[in-house]
Amino acid sequence: MKVYQSNEIKNISLLGSAGSGKTTLAEAMLFESGLIKRRGTVEGKNTVSDYFPVEQEYGYSVFSTVFHVEWMGRKLNVIDCPGSDDFVGGVITALNVTDTAIIVINSQYGIEVGTQNIFRYTDQLKKPVLFALNQLDGEKADYENIIEQLRENYGGRIVQVQYPISTGPSFNAMIDVLKMKMYKWKPEGGVPEVLDIPAEEMDKAQDLHQKLVESAAENDEALMEKFFDQGTLTEDEMREGIRKGLITRGMFPVFCVCAGKDMGVRRMMEFVGNVAPFVDEMPKPQTTTGEEIAPDANGPTSLYFFKTTVEPHIGEVSYFKVMSGKVKEGDDLQNISRGSKERIAQLFSVAGQIREKVPEMVAGDIGATVKLKDVRTGNTLNEKGCEYVFDFIKYPEPRYRQAIKAVNEADTEKLSEVLTRMHEEDPTWVIEQSKELKQTIVHGQGEFHLKTLKWRIENNDKIMIEYLAPRIPYRETITKSARADYRHKKQSGGAGQFGEVHLIVEPYYEGMPDPTMYKFNGQEFKITPRDVQVYDLDWGGKLVFVNSIVGGSIDARFMPAILKGLMDRIEQGPLTGSYARDVRVIVYDGKMHPVDSNEISFRLAGRNAFSQAFKEAAPKILEPVYDVEVLVPGDRMGDVMGDLQGRRAIIMGMSSEKGFEKLMAKVPLKEMGNYSTALSSLTGGRASFTMKFASYELVPSDVQDKLLKEYEASQKDED
């Protein structure tokens with residue numbers, strides 16, 4: 001295979017909602033390029049993209065698939081991404097390492113929530129976009145309605161390059177207003193006839209051609225001047241204007257395809273080969289220090305590893321993008337992320353399971369290698385002396401969580417290793433070993449996401465697992481001041497133990513004044529702080545420790561021991577055993593013994609005094625509350641809002657966003673357990689949501705009563 005230079009490489013993401021036909025389109029592209037001799041089908045389980053057993057089992061894409069085509073003397077690297085929102089990690093990864101997005105739309109359904117979400121990611125990353133309207137031969141295909149939807153959503157930047165003569169089962173021809181030709185296919189598709197535009201279509205074609213010329217001219221001053229002078233542009237000038245418009249996101253060209261019959265695919269590929277930007281025409285990626293790195297084949301060698309898979313009979317396959325320089329077989333590189341050395345034994349240009357060995361790859365190219373010793377997703381490998389580090393992929397917050405355990409306890413350690421590997425393959429599977437909850441929690445993007453994880457562990461790794469309801473990380477705090485004292489005294493021959501601590505606890509909030517005077521049971525306690533220490537707790541919130549000892553009733557050397565005693569108890573609140581937070585503790589008096597006082601005595605005295613005072617200070621349970629945003633079709637708004645309110649949600653606001661309604665709410669984590677499934681059921685899969693931790697808030701009294709009873713019952717069970 002030829003070694004392609006940076007100005008001969010184009011990197012493309014193939015995106016779209018589930019069912020839009022991306023995998024079928026990828027198959028047609030591979031067939032047109034000659035890389036495969038026969039097109040596979042999703043139903044036949046023989047496509048280049050969906051080749052993992054779990055994908056063939058479920059009939060949908062789980063992983064993004066990297067493939068390439070050699071086309072018109074150029075190399076097109078394409079990443080075919082999953083359509084389900086549960087597998088959004090593949091979309092985010094692909095957009096970060098490619099330069100142009102082809103968003104595929106099912107012409108029978110039009111713009112879906114998934115389309116909106118994908119477009120939003122392209123917007124955030126400022127990637128060029130072109131739309132491919134697929135399945136125009138479907139019974140419900142409605143081209144004009146989709147164009148109207150696109151214009152409603154994305155305005156005048158939508159520019160038609162093609163339009164169909166008719167849609168539905170009779171679809172067999174389209175007009176290309178860039179080429180000003182008609183393409184017509186036989187019923188089975190394949191190679192089209194290229195014909196003159198029929199007279200009855202000429203007015204419409206010329207009108208759209210003029211709009212395309214104007215849109216192309218708007219992106220370049222020289223072209224604009226020529227357009228004003230001559231009223232038109234040549235085909236090459238139009239391509240140049242469209243390329244510049246793509247790069248600035250000033251225009252989004254629209255194409256017509258029927259991937260299942262290979263109609264329109266070759267023409268779209270010609271456009272991509274001619275017009276989509278090369279890697280060296282796009283904004284330069286930045287290192288972690290903010291340095292912009294050009295895809296310069298003569299620069300220092302630097303590879304960014306963006307994807308890892310484990311494949312039967314091969315093991316780990318590591319996918320990379322050459323960020324700078326050249327990489328050759330046998331190169332020794334340094335893993336700047338992990339401080340280890342690696343040898344690149346083999347280089348491959350890939351198409352799913354098809355791997356073609358190449359001797360060298362240059363800046364901008366995408367490839368794979370195998371059997372690296374210590375490379376993880378997100379690592380940077382450099383030649384000696386190069387210090388580039390790349391870390392530009394940011395994944396969305398998880399939206400679904402389950403506790404996971406091996407059915408056979410003997411498999412626990414092995415399961416932990418497998419979960420670590422799974423996170424390497426898909427960073428949106430987040431694994432948390434929770435000491436607090438005494439559970440292993442798996443976080444993901446939705447129920448299907450974790451269902452897929454379970455299938456793979458049980459079928460590929462032969463470990464039977466079960467999902468359990470994850471415990472909620474409640475917190476405890478106090479709502480009023482309270483006072484307590486405790487004397488620890490122990491005498492059993494020889495040296496004894498003695499320590500007495502008097503303290504006050506009260507709720508802490510930012511900016512509260514220093515303590516001065518308290519009154520309990522008619523008795524006043526004057527406080528003179530000598531030392532104030534503020535501790536940020538690992539689980540959130542603060543503990544403020546105030547030393548107000550006067551007259552030397554407790555020696556200063558015992559204060560750290562008292563603090564340790566407080567920390568012992570703050571890690572296990574009295575209501576539910578959860579972590580406590582946001583408490584100010586004032587140690588104002590106590591007693592010690594000249595012989596028997598020691599650190600353990602004051603640690604125990606401090607712990608017990610704190611526990612007594614905490615219970616008297618009207619303790620309350622706090623629960624984690626999340627900011628939730630739901631993007632929902634307008635006709636389902638009422639159902640979604642009603643469901644949220646049934647989950648104790650507080651609706652914070654609503655807005656319209658390009659054909660959809662956006663609901664913003666604060667919802668307790670306890671109520672979000674099955675939300676992804678419920679939302680899909682309520683909306684027929686047409687809605688999506690995001691969630692992000694917001695704060696801890698007091699639970700309602702009825703919920704607290706229920707939690708206390710549950711905790712008491714669990715303690716009895718343990719006894």
Side-chain angles (χ1 to χ4, degrees), residues 475-492 494-521 523-574 577-617 619:
R475 299 287 179 262
E476 297 181 20
T477 194
I478 53 178
T479 56
K480 71 174 189 179
S481 303
R483 191 202 71 81
D485 55 68
Y486 187 89
R487 174 181 290 181
H488 173 75
K489 185 176 181 181
K490 187 176 180 183
Q491 194 74 42
S492 55
Q497 294 181 2
F498 182 91
E500 184 174 323
V501 174
H502 299 220
L503 53 75
I504 294 168
V505 299
E506 62 181 338
Y508 172 78
Y509 59 88
E510 290 290 342
M512 68 188 298
D514 289 339
T516 54
M517 182 73 72
Y518 294 90
K519 194 171 184 179
F520 298 103
N521 300 322
Q523 184 180 358
E524 289 187 343
F525 296 83
K526 187 177 180 182
I527 301 299
T528 306
R530 296 179 56 198
D531 181 45
V532 178
Q533 297 175 41
V534 181
Y535 295 94
D536 290 310
L537 301 171
D538 291 343
W539 49 88
K542 287 182 168 56
L543 168 67
V544 179
F545 183 61
V546 180
N547 177 358
S548 185
I549 296 293
V550 292
S553 56
I554 300 177
D555 196 278
R557 63 193 170 96
F558 292 128
M559 298 308 289
I562 296 172
L563 177 61
K564 284 181 182 176
L566 305 184
M567 293 300 293
D568 290 343
R569 292 308 295 156
I570 210 166
E571 288 191 15
Q572 189 174 13
S578 304
Y579 293 142
R581 56 177 279 169
D582 297 326
V583 180
R584 181 157 75 179
V585 182
I586 303 147
V587 178
Y588 67 90
D589 201 2
K591 291 181 182 176
M592 56 184 180
H593 187 277
V595 176
D596 294 343
S597 287
N598 53 26
E599 287 191 6
I600 189 64
S601 302
F602 278 100
R603 181 171 182 170
L604 292 170
R607 182 168 71 183
N608 287 293
F610 175 76
S611 186
Q612 288 180 13
F614 196 97
K615 291 175 184 176
E616 298 295 321

Check the orientation of F610 and F614. Use parallel for under 30°, tilted for 30 to 60°, and perpendicular for over 60°. tilted
Identify the two heavy atoms, one from L566 and one from G606, that lie closest to each other, and give their separation to 0.1 Å. CD2-O, 3.7 Å
Residues which pass salt bridge (charged side-chain N to carboxylate O under 4.0 Å, His left out) with R607, listed by chain and number, not counting sequence neighbours: D568
What distance do S611 atom OG and E616 atom CD have between them, rounded to the nearest 0.5 Å? 10.5 Å
Quick check on the 6.0 Å ring-centre criterion: do F525 and Y588 meet it? yes
Between A580 and L537, which heavy-atom pair has the shortest distance, and what is it? O-CD1, 3.6 Å
Mind checking the CD1-NZ spacing from I600 to K490? Nearest 0.5 Å is all I need. 9.5 Å
Looking at side-chain heavy atoms only, is the closest gap between H502 and R483 below 4.5 Å? yes
Under the side-chain contact (heavy atoms from CB on, under 4.5 Å) criterion, do V583 and Y508 qualify, and how do the steps go? CA-CA 5 Å; V583 180; Y508 172 78; 5.7 Å; no
Which atom pair, heavy atoms only, marks the closest approach of D582 to G541? OD1-CA, 3.2 Å
Of all the heavy-atom pairs spanning G499 and A605, show the shortest one and how long it is. O-CB, 3.5 Å
Set of residues satisfying salt bridge (charged side-chain N to carboxylate O under 4.0 Å, His left out) with respect to R569, sequence neighbours excluded: none
Would you give me the side-chain donor-acceptor pairs under 3.5 Å for residues 552-565, sequence neighbours excluded?
residue, atom, partner, partner atom, Å
S553, OG, D589, OD1, 3.2
D555, OD1, R557, N, 3.0

Can you check side-chain contact (heavy atoms from CB on, under 4.5 Å) on L543 and V585, steps first, answer last? CA-CA 8 Å; L543 168 67; V585 182; 3.8 Å; yes
Looking only at heavy atoms, what is the nearest atom pair of F602 and F498, with distance? CE1-O, 4.0 Å
Using modelled atom types and a 3.5 Å cut-off, is there a donor and acceptor pairing between side-chain atoms of N547 and backbone atoms of I549? yes
Look at the side chain of S548 and the backbone N and O of T528, then say whether any donor-acceptor pair between them is shorter than 3.5 Å. yes
Check the pair S601, N598 against side-chain hydrogen bond (donor to acceptor under 3.5 Å, both in side chains), reporting the backbone distance first and the verdict last. CA-CA 5 Å; S601 302; N598 53 26; 2.5 Å; yes
Under the salt bridge (charged side-chain N to carboxylate O under 4.0 Å, His left out) test, residues paired with E476 that sit two or more places apart: none
Exam field: side chain D596 to backbone Q497, donor-acceptor pair closer than 3.5 Å: no
Name all residues meeting the ring-ring contact (aromatic ring centres under 6.0 Å, His included) criterion together with Y579; count only those two or more places apart in sequence or in a different chain, and write none if there are none. W539
Which atom pair, heavy atoms only, marks the closest approach of I504 to I527? CD1-CD1, 4.2 Å
T477 side chain to R581 backbone, donor-acceptor under 3.5 Å: yes
Can you pull the salt bridge (Lys or Arg N to Asp or Glu O under 4.0 Å) pairs that have at least one residue in residues 525-551, sequence neighbours excluded? E510-K542, D536-K542
Using the side-chain contact (heavy atoms from CB on, under 4.5 Å) rule, take E500 and Y486 through it: C-alpha gap first, then chi angles, then the decisive distance, then the call. CA-CA 6 Å; E500 184 174 323; Y486 187 89; over 6 Å; no
Stepwise, does the side-chain contact (heavy atoms from CB on, under 4.5 Å) test hold for M517 with E524? CA-CA 7 Å; M517 182 73 72; E524 289 187 343; 4.0 Å; yes
Distance check, rounded to the nearest 0.5 Å: R584 atom CZ versus I478 atom CD1? 10.5 Å
